[in-house]
Amino acid sequence: MKSTSSPELSFDQNHIWHPYSAIGAGQPVFHVDSAKGCTLTLKDGRTLIDGMASWWSVIHGYNHPAMNDALKKQIDKFSHVMFGGLTHDPAIALATKLIELTAPELDAVFFADSGSVAVEVAMKMAIQYWASQGQPTRQKFISLRNGYHGDTFGAMSVCDPVNGMHSLFSSTLAQQLFVEAPATHFGEQASEDDLAELKACLENNHQRVAAIILEPIVQGAGGMRFYGADYLVKLKALADQYGVLVIFDEIATGFGRTGKLFAYEHAGFTPDILCLGKALTGGYMTLSATLTQRKIADVIQSGEPGVFMHGPTFMGNPLACAAGLASLTLLEKNDWESKVSNIETKLTKHLAPCRELDGVADVRVLGAIGVIELEEPVDMKTIQPLFVEHGVWVRPFGKLVYVMPPYVMTDTELESLCAAIVKVVTISLVKDMPVLPPTKRTSAEKTI
Ligand SMILES: *Cc1c(COP(=O)(O)O)cnc(C)c1O
């Protein structure tokens, strides 16, 4: 196989772990040489249209001149200083921008290193909020089944206990409270059933619950499920009734992905704590932010020890903050809303043929997210190289073939991406069917 022939690739396979992978197992990895716009170029010269935006993050495309420029300028000033006792323009400017873009109540910002850490920070905020008020027994979190919140221990504890990829660690993890995720779809009213378990859980446990944590509107890595805003409105009413905080994990949905700048806007209320990550720096640097309301920060700080207890070494890294600021500036300048809406229209139209295939359970699109849910899990070993042969980068998991392209993807690229998906899904569902030759790409596409 071409993709495993180089000495570098063989070194990689025998010495380097990739996400959820095994060293030495010969799982295919593809060697990227360069990336620009929505195109990845492999070492062997093949080009791929990127349907993944590198896991939701590269919203402006790769190698963007304005992003590159912002980072180069910051490098020439300084790349890092500690955030303990020091501050700098990139952190101040990015926090200002985040406060401006989110709801007026969210005016206190904690910069962390990754999405998982943003979730840890949010959970610690909630626990300290109650401890400061003489309620140290409020240490539990209510979370939805099929949720995904990250890979560190606190974050793992609120991921789906069965399909959350973490069941191996269950006896080490804090035991949290889980309720069924809403069964109603996006755009639908929540049913009594959707909320019954949550209601009972709050009734029985509210004195030991610090917060409810969930991904609003879209459950990402736990199943790519879309659900209605009405559920969130009703959840918020219950949270208020029982006096527990609401944490929204918008690490995947933030910055326009669902068609609103933040998914909580679909529901029309502001969470107590908001986690952001992934697209925050346009995929340039790892950075996340946990936002809360000043009145919550004040409560946290009113108790012992009078401060919020977290502070990573690379907190507020200037390069990462400069990337964040440049990314958010581009987002506003480039009319993300019409771009996302156009992607929604195109994905809806061009993925529709998959609906007709035997073995496809559902095709759904929301904002710049397209999902084909199959009846059986895909065989990654065959489907991944097949996507590459067809000139696209799509990385399915389980029964889900899904895309969340960069917002700058052109109509031609979107059409080619979807055509390749329809073709590869068709091939993979028909047993013993000879592999079709890859789609020829036009010269116009190659120059993008
Ligand atoms: C990706 C993700 C995380 C974890 O972020 P990392 O940067 O991978 O640590 C947490 N929550 C949600 C909803 C995510 O999509």
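Atoms within each ligand, like the ligands themselves, are counted from 1 in listed order.
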Could you go through ligand 1 and note, for every N or O atom, any protein N or O atom closer than 3.5 angstrom, writing the atom names and distance to 0.1 Å, or 'none'?
| from | atom 1 | to | atom 2 | distance (Å) |
| --- | --- | --- | --- | --- |
| ligand 1 | 5 (O) | Ser116 | N | 3.4 |
| ligand 1 | 7 (O) | Gly115 | N | 2.8 |
| ligand 1 | 9 (O) | Gly115 | N | 3.4 |
| ligand 1 | 9 (O) | Ser116 | N | 2.7 |
| ligand 1 | 9 (O) | Ser116 | OG | 2.6 |
| ligand 1 | 11 (N) | Asp249 | OD1 | 3.3 |
| ligand 1 | 11 (N) | Asp249 | OD2 | 2.6 |
| ligand 1 | 15 (O) | Lys278 | NZ | 2.6 |

Original post:
Under 6.0 Å from the CD atom of Gln241, do we count more than 12 heavy atoms belonging to anything else shown?
Top reply: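 Yes.
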
Original post:
Around atom CE of Met380, are there more than 12 heavy atoms of other residues, nucleotides or ligands at under 6.0 Å?
Top reply: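 Yes.
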
Subject >> Parallel, tilted or perpendicular: rings of Tyr264 and Phe262 (30°, 60°) >> reply: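 If you compare the ring of Phe262 with that of Tyr264, the planes turn out parallel.
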
Original post:
Taking the side chain from Ser116 and the backbone from Gly150, do they hold a donor-acceptor pair closer than 3.5 Å?
Top reply: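 It does not hold such a pair.
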
**OP:** Answer whether the closest heavy-atom distance between the side chains of Glu373 and Met224 falls below 4.5 Å.
**Re:**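 With C-beta onward as the side chain, the pair stays apart.
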
Original post:
Taking it one step at a time, do Phe255 and Tyr407 satisfy ring-ring contact (aromatic ring centres under 6.0 Å, His included)?
Top reply: CA-CA 11 Å; Phe255 307 110; Tyr407 299 167; 9.6 Å; no

